[in-house]
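For reference, the structure is listed below as structure tokens.
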Amino acid sequence: MYITDINLGQYIPSDSFIHRLDPRAKLFSLLFIISSIFPSKTVLSVFLWTLILCLIIYVSKISWKIVLISSKPVYFLVIFTFIFNIAASLFKSPDLRNAVYGALFMSSRLLILMMFAVMLPLTTAPLELADGLDALLRPLERFRFPSHECAMMIGMALRFIPLLMHETDKIMRAQLSRGARLDQGNIFQRIKAFFPVLIPLLVMIFRRAEEVAVAMEARGYDGSKGRTRRRPLLWKKRDTLVLVFSFLTVMTFFMLGL
């Protein structure tokens with residue numbers, strides 16, 4: 001029961017076309033894609049978006065194995081959606097075939113949507129993603145919205161996810177070496193057995209947060225006031241082309257009723 005192979009939020013460096021895109025173009029494209037997949041009602045739309053996802057993975061030069069491993073935390077939600085939809089459908093109608101068909105459609109749609117979302121941190125460095133979010137949220141500063149602080153928190157969360165996974169694995173290995181039975185018994189026994197892992201993990205999280213806060217305070221961090229970037233974001237023609245292509249694809253799906 002080890003989770004060292006889970007790299008949710010971990011950036012995979014490469015020199016692909018997807019990696020070189022501006023993070024703002026990726027964020028806008030992801031927003032367009034989500035707005036099209038979420039309300040889709042046909043199997044054809046899910047199939048076409050799956051082909052587009054395969055194309056993006058191929059262009060990004062990231063193996064399917066990495067994408068599937070990165071999507072592991074989503075599988076529980078997909079399975080839960082599948083079971084819940086079957087139960088809800090059978091409650092309304094005893095037709096098992098339609099219930100399974102509807103559940104498969106809902107869960108596959110959710111899986112494709114989440115895999116598109118997973119591709120964003122895989123192909124975008126946390127610092128670039130934070131800078132892109134900061135640039136997109138900056139107009140909200142007129143309404144006293146802390147855009148830089150919000151983007152910084154998201155970037156730091158993405159950066160710390162692989163570290164938390166590694167620390168969790170270390171704690172689990174230590175508890176297993178002491179005779180803990182984390183993978184035995186029913187669901188309630190497993191939850192109870194996980195407390196010796198959860199408590200040290202929470203202590204480590206708060207300790208890390210305090211260290212980061214002290215380090216930022218010692219360096220005189222004061223939000224975005226007077227802050228510069230080592231690599232300023234540059235919007236290029238390829239970013240415009242990708243954004244236009246994403247928008248036209250989504251509009252085509254809407255017009256065709258997919």
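S108 and V46 make their closest contact through OG-CG1, 4.2 Å (heavy atoms, listed as atom of the first residue, atom of the second, distance). Annotation for L122 and H19: closest pair O-NE2, 3.8 Å, computed over non-hydrogen atoms. Across V43 and Y101, no two heavy atoms sit closer than the pair CG2-OH, 3.0 Å. When all heavy atoms are compared, the tightest approach of G132 to L27 is C-CD1, 4.1 Å. Listed here is the closest heavy atom pair of V67 and M119: CG2-SD, 3.8 Å. Shown here for F28 and L136, the closest heavy-atom pair between the two residues is CE1-CD2, 3.4 Å.
Taking CG of L110 as the start and CE of M106 as the end, the distance is 8.0 Å to the nearest 0.5 Å. The line from CG of L256 to CE of M251 is 11.0 Å long, rounded to the nearest 0.5 Å. The line from CE of M114 to CD1 of I37 is 11.0 Å long, rounded to the nearest 0.5 Å. Between the CG atom of L55 and the OG1 atom of T50 there is a distance of 12.5 Å, given to the nearest 0.5 Å. We find the OG-CD1 distance between S70 and I62 to be 8.0 Å, quoted to the nearest 0.5 Å. Interatomic distance, E128 CD to D22 CG, rounded to the nearest 0.5 Å: 8.5 Å.
No single ILVMFWY cluster, assembled from side-chain heavy atoms under 4.5 Å apart, contains both L248 and L241. Note: the hydrophobic cluster containing F38 also contains L120 (ILVMFWY, side chain heavy atoms under 4.5 Å, direct or indirect links). Criterion: ILVMFWY side-chain heavy atoms under 4.5 Å apart, direct or through other members. Under it, L53 and I34 are part of a common hydrophobic cluster. Under a hydrophobic-cluster definition in which Ile, Leu, Val, Met, Phe, Trp and Tyr are linked whenever side-chain heavy atoms come within less than 4.5 Å, directly or via other members, M172 and I205 are assigned to the same cluster.
Inter-residue side-chain proximity for L68 and Y75 is flagged as met; some heavy-atom pair is nearer than 4.5 Å. Counting only heavy atoms from C-beta outward, the side chains of L129 and K26 never approach each other to under 4.5 Å. Residues S89 and N98 form no side-chain contact, since every pair of their non-hydrogen atoms from C-beta on lies 4.5 Å or further apart. A 4.5 Å side-chain heavy-atom check between V78 and F82 finds every atom pair outside the cut-off. Side-chain contact between L111 and M115 is present, with heavy atoms from C-beta onward closer than 4.5 Å. Annotation: side chain of I83 is in contact with side chain of I79 (closest heavy-atom distance under 4.5 Å).
Listed by first and then second residue, the side chain to side chain donor-acceptor pair (under 3.5 Å) pairs that reach into residues 202-213 are E167-R208, sequence neighbours excluded.
Judged by distance alone, the side chain of T124 and the main-chain N or O of P121 form no donor-acceptor pair under 3.5 Å. No side-chain donor-acceptor contact under 3.5 Å links S36 to the backbone of I33. Within the 3.5 Å criterion, the main-chain N or O of S40 finds a donor-acceptor partner in the side chain of R109. Without hydrogens or angle criteria, N85 side chain to T81 main chain gives a donor-acceptor distance under 3.5 Å. With hydrogens and angles disregarded, a donor-acceptor distance shorter than 3.5 Å links the side chain of R238 to the backbone of R20.
Test F116, F245, F247 against F32 for ring pair (Phe, Tyr, Trp, His ring centres under 6.0 Å) and you get one pass: F247.
Between F253 and W49, the angle of the ring planes lies from 30° to 60°, which puts this pair in the tilted group.
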